[in-house]
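Below: one structure, written as C-alpha cells.
For ligands, and for the atoms within them, numbers begin at 1 and follow the listed sequence.
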Amino acid sequence: MPYVQADNSGGLEKKITVHTLQQMRGREKFVMVSLYDAPMAAMAQKCSVEAVLIGDSLGMTVLGYDSVIPVTMEQMIYHVEAVARGNNKSLIIGDLPFMTYATPEQALSNATRIMQAGAHMVKIEGGAWLADTVRMLSDRGIPVCAHIGLTPQSVHKFGGFRVQGRDQERADTLLSDAKCLNRAGADLLLIECVPAWLGTAITQASDIPVVGIGAGSDTDAQVLVINDILGLTPQPPKFSKNFLEETGNIPGAMQKYRDDVKAGVFPSEVHTFS
Ligand code: KIV
C-alpha cells in the first residue's frame, strides 16, 4: 500500500480541470502551491488547493542547488510522479526545466514525458518567442501555463532575482508577451515579481486565468512555494509569507494560506511591489 493515498475525506470533492479554473475566473480566486512530494500533495487536496505545481524551484528548495538551472527532466519526472500519487483532485502542473523546450520539437517531446508522469499541464518560461511552442503543444492537446516576468531560468540574463517591468519599456514588453501567449493558446498565465499595477493590467488584458506571485492582489489566483509557506526559506522573498508562524502546524499553515487568498487578505501591501 502506498505511504500516502489520495482520499475523499474532506477537501476537494471534484477533479479540477482547466475548465474549472476558467469558470472560476472573475468569480472566485483560486489557489496554487508549488510542492514536490506525495504527503504535501495529499495535504493540498485536503486543504482544497485547486492547483499544484511541481516547480523546478525544487532544485533550490529540495536539492540544494543555488539556481534552478541544474534541474533535469529525470528529477522533474520523479517528483511529478510522487505528487500525482498523493493527489487525485487538484490540477497538476509540471515545469519543463532549463533548456528542455528550446525548440518546439524539443518541447513536445519533453512535455509528453511530463504529461505521462501524471501532469495535466506543463509550465514553460518565456515571452513572445514561445508562441510557436505554445501553439505546437496546445494544438496537440497539451495544456500550457506560460510563465512571464521574473523567470528564474533566466536569472543570469537578468543579473539576479530582480523585480521586472518597473520601467515602461519592459512593462510594455511583458504586456505584449502576455497577449501573444494568450493568443497562441496558453491556458494559464503565471506572472512573477512585477509591480502590482502591471499585474492588474496583464490580468485585465487576458482572457485566460492569470496566476500571480509577487504580482499584487488583482490576479485571478496566487501561487506560493511550500517552503516559503512553512518558513523554511533562509531569506524569504518579500512576496512570500510564513503561515506556519501564526498557525503552529503544517496543515493549518496550508489551510490559512488558501483561506487568506480566497478572502483577498493575502497578498497584502507588504507583499507587493510598486
Ligand atoms: O518553480 C516554481 O516553483 C515556480 C513558482 C515560483 C511559480 O515557478
(request) Starting from atom 8 (O) of ligand 1, locate the nearest protein heavy atom and write down its residue, its atom name and how far away it is, to 0.1 Å. (result) K123 NZ, 3.0 Å
Numbering as shown, the atoms of ligand 1 that approach [X] to under 4.0 Å (heavy-atom distance):
X: D95; answer: 1 (O)
X: S34; answer: 2 (C), 3 (O)
X: H147; answer: 8 (O)
X: G55; answer: 1 (O), 2 (C), 3 (O)

Distance-only donor-acceptor hits, side chain of residues 134-148, under 3.5 Å, sequence neighbours excluded:
residue: R135; atom: NH1; partner: D132; partner atom: OD1; Å: 3.2
residue: S138; atom: OG; partner: G185; partner atom: O; Å: 3.3
residue: R140; atom: NH1; partner: M136; partner atom: O; Å: 3.0
residue: H147; atom: ND1; partner: K123; partner atom: NZ; Å: 2.7
residue: H147; atom: NE2; partner: L150; partner atom: O; Å: 3.4
residue: H147; atom: NE2; partner: E192; partner atom: OE1; Å: 2.9

State, with a plain yes or no, whether a side-chain heavy atom of [X] is found less than 4.5 Å away from one of [Y].
X: V71; Y: F98; result: no
X: F30; Y: I16; result: no
X: K15; Y: T20; result: no
X: E125; Y: Y101; result: yes

Just to be sure I read this right, does ligand 1 sit under 4.0 Å from the backbone of [X], its side chain, both, or neither, counting only heavy atoms?
X: L58; answer: neither
X: S57; answer: both
X: L53; answer: side chain

(message) If we check side-chain contact (heavy atoms from CB on, under 4.5 Å) with V31, which of these qualifies: Q222, M254, R258?
(response) R258
(message) If the test is side-chain contact (heavy atoms from CB on, under 4.5 Å), which one of I191, I213, L190, I202 qualifies with T219?
(response) I191
(message) Taking atom CZ as the centre, does F161 end up with more than 12 heavy-atom neighbours from other residues, nucleotides or ligands that are less than 6.0 angstrom away?
(response) yes
(message) Is M32 close enough to touch ligand 1? Criterion: a residue heavy atom under 4.0 Å from a ligand atom.
(response) no
(message) Check contact between E125 and ligand 1, using heavy atoms of the residue and a distance below 4.0 angstrom.
(response) no
(message) Considering both backbone and side-chain atoms of E192, is one of its nitrogen or oxygen atoms within less than 3.5 Å of a nitrogen or oxygen in ligand 1?
(response) no
